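Predicted, not measured: the structure shown is a model, and the values here were computed from it. Just so it is clear, the values below take in all heavy atoms, side chains as well, and ignore hydrogens, waters and symmetry mates.
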Amino acid sequence: MSKPFITYTAQVEKLKNEKNLIITDDDFAVESLQNISYYALIGGYKHPFIDIHTRKYINEACFEDIVALYEFDEELRGIFFKYLCRVERKTRSSISYHFCKKHGERQEEYLNSNNYGNIPKNKNGITKLIKMLDMMANKNKDHEYLVYQRNKYHNIPLWVIMNTLTFGQISKMFEFLPQNMQGRICQDFGNVKKNEMIKYLKVLTLYRNVCAHNERLFSYHTYIDIPDTLLHKKLSILNILVR
């Protein structure tokens, strides 16, 4: 059965009387629920404080504990997002630089499937990528700089289009580039191997989306394997895949 709507005051009473959560300041609890929502706050951050069998709060857990965990995760997302954006920006720059160095600034070049790594497993993905790029170059009106380039020069270089792409689209574009171009891009990141770079970008895209959509980060994990890095060695992180 679906859960019925209840007021903020009723939500607080439910937490106190049915779930055994300690709430000493009802006004603070109501304000927090108004600002964050019950689902995002309680649904997202209750798990460390409850008995998984009874679904009730234990160890004298209080409402402030949940808010504190939420605020910690909010700050953690901010730190992650800052550096993920730097990786995203550098990836945009590197792809557009190396592609345009080889093929030039004409939009026909990045809309040409022959300029990608045309192996069978990439065929459908390249078709979708080019369709998306074509829409951006020839039809999109949401970005003023695209409209300006289109009207004035009748051409939108890749380095302009790259600003419109999501991290996931950038990740896919790298995956579909020819191997020799992938190698040159990888050199910009400390000579990472191309297959490793593909995995890194997939994982970073997932974490970037968690941060961008204000989802729970502190307990988020993915089962995509990534190879050890210098950072793993410095932090003595064991090469163990947790399933």
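Side-chain contact between D228 and K233 is absent, with no heavy-atom pair separated by less than 4.5 Å. Considering only heavy atoms from C-beta on, P157 comes within 4.5 Å of Q149 through its side chain. Taking the side chain as every heavy atom from C-beta outward, T24 and E64 approach each other to under 4.5 Å. Side-chain contact between N17 and E13: present, with at least one pair of heavy atoms (C-beta onward) separated by less than 4.5 Å. The shortest side-chain heavy-atom distance between N118 and K123 does not fall under the 4.5 Å cut-off. For the pair L206/I224, a side-chain contact is recorded, criterion being any heavy-atom separation below 4.5 Å from C-beta on. When side chains are defined from C-beta on, N20 does not count as touching L15, because their heavy atoms never get closer than 4.5 Å. Residues E88 and T205 form no side-chain contact, since every pair of their non-hydrogen atoms from C-beta on lies 4.5 Å or further apart.
Note: Y45 and Y70 meet the aromatic proximity criterion, with ring centroids under 6.0 Å apart.
For Y220, the OH atom counts as densely surrounded, since its 6.0 Å shell holds more than 12 non-hydrogen atoms of other residues, nucleotides or ligands. Environment of CD in Q34: crowded, with over 12 heavy atoms of neighbouring residues, nucleotides or ligands closer than 6.0 Å. Counting non-hydrogen atoms of neighbouring residues, nucleotides and ligands closer than 6.0 angstrom, the OH atom of Y38 exceeds 12 such neighbours.
Separating the CG atom in D134 from the CG atom in N140 is a distance of 11.5 Å, to the nearest 0.5 Å. Note that CZ of F189 is 13.5 Å distant from CD of E196, once rounded to the nearest 0.5 Å. Here the straight-line distance linking atom NZ of K128 with atom CZ of F176 works out to 8.5 Å at 0.5 Å rounding. Distance check, rounded to the nearest 0.5 Å: CD1 of I6 to NZ of K3 gives 9.5 Å.
Cation-pi check for K46 over Y57 is not met; the charged atom does not lie both under 6.0 angstrom from the ring centroid and within 45 degrees of its normal.
The backbone N or O of M162 lies less than 3.5 Å from a partner atom in the side chain of R92, making a donor-acceptor pair.
For the residue pair E215 and N209, no side-chain donor N or O sits within less than 3.5 Å of a side-chain acceptor on the partner. A donor and an acceptor atom, one from each side chain of H98 and D188, are located under 3.5 Å apart.
Considering all non-hydrogen atoms of both residues, L21 and C62 come closest at CD1-C, 3.5 Å. A pairwise comparison of heavy atoms in S32 and V67 identifies OG-CG2, 4.2 Å as the closest pair. Minimum heavy-atom separation, V12 to V30: CG2-CG2, 3.8 Å. In this structure, F218 and P48 approach most closely via the heavy-atom pair CZ-CG, 4.2 Å. Summarising the geometry of L146 relative to I156, their closest heavy-atom pair is O-CD1, 3.5 Å, with the distance given to 0.1 Å.
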Take K16 and D26, measure what salt bridge (charged side-chain N to carboxylate O under 4.0 Å, His left out) needs, and give me the verdict at the end.
CA-CA 10 Å; K16 289 195 293 187; D26 286 14; 3.1 Å; yes

Test ring-ring contact (aromatic ring centres under 6.0 Å, His included) on H47 and F49 and set out the steps.
CA-CA 5 Å; H47 303 287; F49 307 103; 9.8 Å; no

Run the numbers on M197 and F174 for side-chain contact (heavy atoms from CB on, under 4.5 Å), then give the verdict.
CA-CA 9 Å; M197 187 68 169; F174 174 84; 3.5 Å; yes

Go through the steps to decide whether D51 and R55 satisfy the test salt bridge (charged side-chain N to carboxylate O under 4.0 Å, His left out), and finish with yes or no.
CA-CA 5 Å; D51 183 304; R55 313 298 293 176; over 6 Å; no

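Under 4.0 Å is where a charged nitrogen must lie from a carboxylate oxygen, and between K172 and E175 at least one such pair does.
In terms of hydrophobic clustering, with Ile, Leu, Val, Met, Phe, Trp and Tyr side chains grouped at heavy-atom distances under 4.5 Å, I22 and L69 are assigned to different clusters.
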